[in-house]
Protein chains: 2
Amino acid sequence: MKNNVTMRDIADKLSVSSVTVSKALNDKDGVSDELKVKIKTLAEEMGYRYNALAKSIKEGLSYNIGVIIPERFAGMDHQSFYLNVYQSITRVLEEYDYYGILHILSKEDEKNLQLPRIYHEKKVDGFIILGQISKEYIEKVQSISIPKIFLDFYDENSDIDSIVTDNFNGAYEITNFLIQNGHKEIGYVGNLYSTSSIQDRYLGFYKSLLEHNLELNQNYILNDRDDNGTYIDIDIPKKMPTAFVCNCDQVAHNLVQKLTKLGLNVPEDCSVVSFDNDIYATITSPPLTTVEIDIEEMANYAVNFMLEKLKDHQKSFGRILVKGKIVYRHSVKNIKTR
Amino acid sequence: MKNNVTMRDIADKLSVSSVTVSKALNDKDGVSDELKVKIKTLAEEMGYRYNALAKSIKEGLSYNIGVIIPERFAGMDHQSFYLNVYQSITRVLEEYDYYGILHILSKEDEKNLQLPRIYHEKKVDGFIILGQISKEYIEKVQSISIPKIFLDFYDENSDIDSIVTDNFNGAYEITNFLIQNGHKEIGYVGNLYSTSSIQDRYLGFYKSLLEHNLELNQNYILNDRDDNGTYIDIDIPKKMPTAFVCNCDQVAHNLVQKLTKLGLNVPEDCSVVSFDNDIYATITSPPLTTVEIDIEEMANYAVNFMLEKLKDHQKSFGRILVKGKIVYRHSVKNIKTR
DNA sequence: CTGAAAGCGCTTACAG
DNA sequence: CTGAAAGCGCTTACAG
């Protein structure tokens, strides 16, 4: 099984031209069936491997998509979600003969507005960006002309296509669920100035409160992380609400641990719901009632939009909301007095 | 910032040849400094992007490495470890101007001995394979002539280069630690016929027992998964040992949960140690004393070996053991009677 | 149905 | 120091 076999080698052995071999191997018209079979058989015999690079250079397309994850989301802490999304993306990509190249965007590069080398070397035909990046970097990305899609975040100032979970609606619905279970004093855990996801979830939570004529108590809005995204110790208020909506499962996990340490039981003393349905949801004791994010669906959208944009660079999709779905577990107590 | 700018375009504007532009842009000899600066400036101005594909096709090298993860290790359950390794690998790869392409090996493809398309299309120069694959698939992989490296597993029959954690030694040392803490009846949790990692860890555990003249009690060897790798309910023996060595953190987590459900406290009633130091180690209550795997180091070895093999296909490294390191937490009780 | 010619964007000898 | 020629492995018109 020697390598470096080219179409020409096959052509020479059969005394035909490489054009004919190309046609045969690609099942294109213009070769007799008989010859086609002969060519394919010989190709197999000679251990021929197609060279996608040669096609790429002709077409000016690499058939690779760069997937960018900012470093701070790629660490041990957040790993599960974005890496899972990446995995789903590569899966869908493969169906279309495309491949994903993962690029972890370092903090320095983000700060210095340094585009990844895969861009400068034309190794990718487009970018899918997972997780919020700085406004400046968004602008930088906007300035380049290859197709790009934002996933799991968006930016008001830019008209880039983005795919996000319907955070607003998800938080709205899970807060409704809390209220259906008799909760009237409900808090929210999350840094409101950190990411748009956290903000939208907060707003959905707030809408539910408004609709039900419940008070928004500022003492029940708890901070969970500093402005760099590093988790901080959650400051539990003296007077407690009967339930909390957390902006993500990991924070809910932190909250439950903290509460437990203070001698408060979940859900007996305080109910907790959250968002993501990642590993933290099942690992927390009790397991969390949470909004599941449809990763497959998001990956599907991302890849399909990318493919469309590759065909027609003008194409634009705007902001797509992917619905989440509540997964009911054991972190909510019904406190309704009948 | 129009695209599709080529070296020729730059050359034409400056009335020089594309050869000169190539030399200038690559900082090679044979261009006057003056001209070089001029070329570089103009390239910048014109928004020139280097086309790595063109170089690739000349050299017959894609500058991509395929990273294969079998589907069963890529699911939610095992995600953390292999996806983290992949991430480390891409990081190191980037330093050398190489990129990683992730390929999830589906169960069907593994069964049908189907090599990934990235192989057939020459989109990668080599393969790094993460996680045990079937013997038949190993043989298939062996039959192809591009460089490959196994990571986190090995196979007796093959002389492929592999990088594995020093499972034997790690389990040996952590069992010693248990014995130092007075434990004499120690069990092991893991399917001994599942992977070589589990086997080696078991053997290291056994060696420690032998050295300390302790009995290996078959009733204390607990199965944790079926032959497909799916976790099963762990069968707790009536008569309990004072400690368990688990083959990985997740299984330790399962064990602790099971024990807790049965009213047994860790570490008061039973100590538990494990392997990996992944997310399950810190999330288990109590946090686990475990052997940390040096992912960075493994990724470093993998990439460096791959690069060497790319230069010289004959090069071979055999099996490399990467030492782990015990992380002490709170799942072990000292039961020594002084 | 078959193939000669040209080209994708670069680099590698080699010549001047 | 500079460049004409050839080639990497394929595909796309176009001609026969």
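Side chains included, hydrogens not; waters and symmetry mates left out as well; all remaining heavy atoms used.
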Pair assignment for DNA chain D - dot-bracket with | for other-strand partners, Watson-Crick or G-U under 3.5 Å: |||.||||||||.|||

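For CD of B:Glu34, the number of neighbouring non-hydrogen atoms (other residues, nucleotides, ligands) closer than 6.0 Å is 12 at most. More than 12 heavy atoms of other shown residues, nucleotides or ligands fall within 6.0 angstrom of atom NZ in B:Lys40.
C:dC1 atom C1' lies 15 Å from atom CG of A:Leu14, rounded to whole Å. For the pair B:Asp29 CG and D:dG3 C1', the interatomic distance rounds to 16 Å; values are reported in whole Å.
Between B:Asp27 and B:Lys36, at least one side-chain N (NZ, or NE/NH1/NH2) sits under 4.0 Å from a carboxylate O, which counts as a salt bridge.
Between A:Ser32 and the phosphate of C:dT2, there is a side-chain N or O to OP1/OP2 separation shorter than 4.0 Å. Dashed line: the shortest gap from a side-chain N or O of B:Ser17 to OP1 or OP2 of D:dT2 is not under 4.0 Å.
Minimum heavy-atom separation, B:Asn228 to B:Arg72: O-CD, 3.9 Å. Summarising the geometry of B:Val322 relative to B:Asp294, their closest heavy-atom pair is CG1-CB, 4.0 Å, with the distance given to 0.1 Å.
Side-chain rings of A:Tyr119 and B:Tyr50 stay apart, their centers remaining 6.0 Å or farther from each other. The aromatic ring centroids of A:Phe305 and A:Tyr301 lie less than 6.0 Å from each other.
Between the side chains of B:Tyr82 and B:Asp152, at least one donor N or O lies within less than 3.5 Å of an accepting N or O.
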In the 5'-to-3' direction, what one-character label does each nucleotide of nucleotides 9-15 of chain D receive under the scheme B = base within less than 4.0 Å of a protein heavy atom, S = sugar-phosphate only, - = no such atom? BBBB---

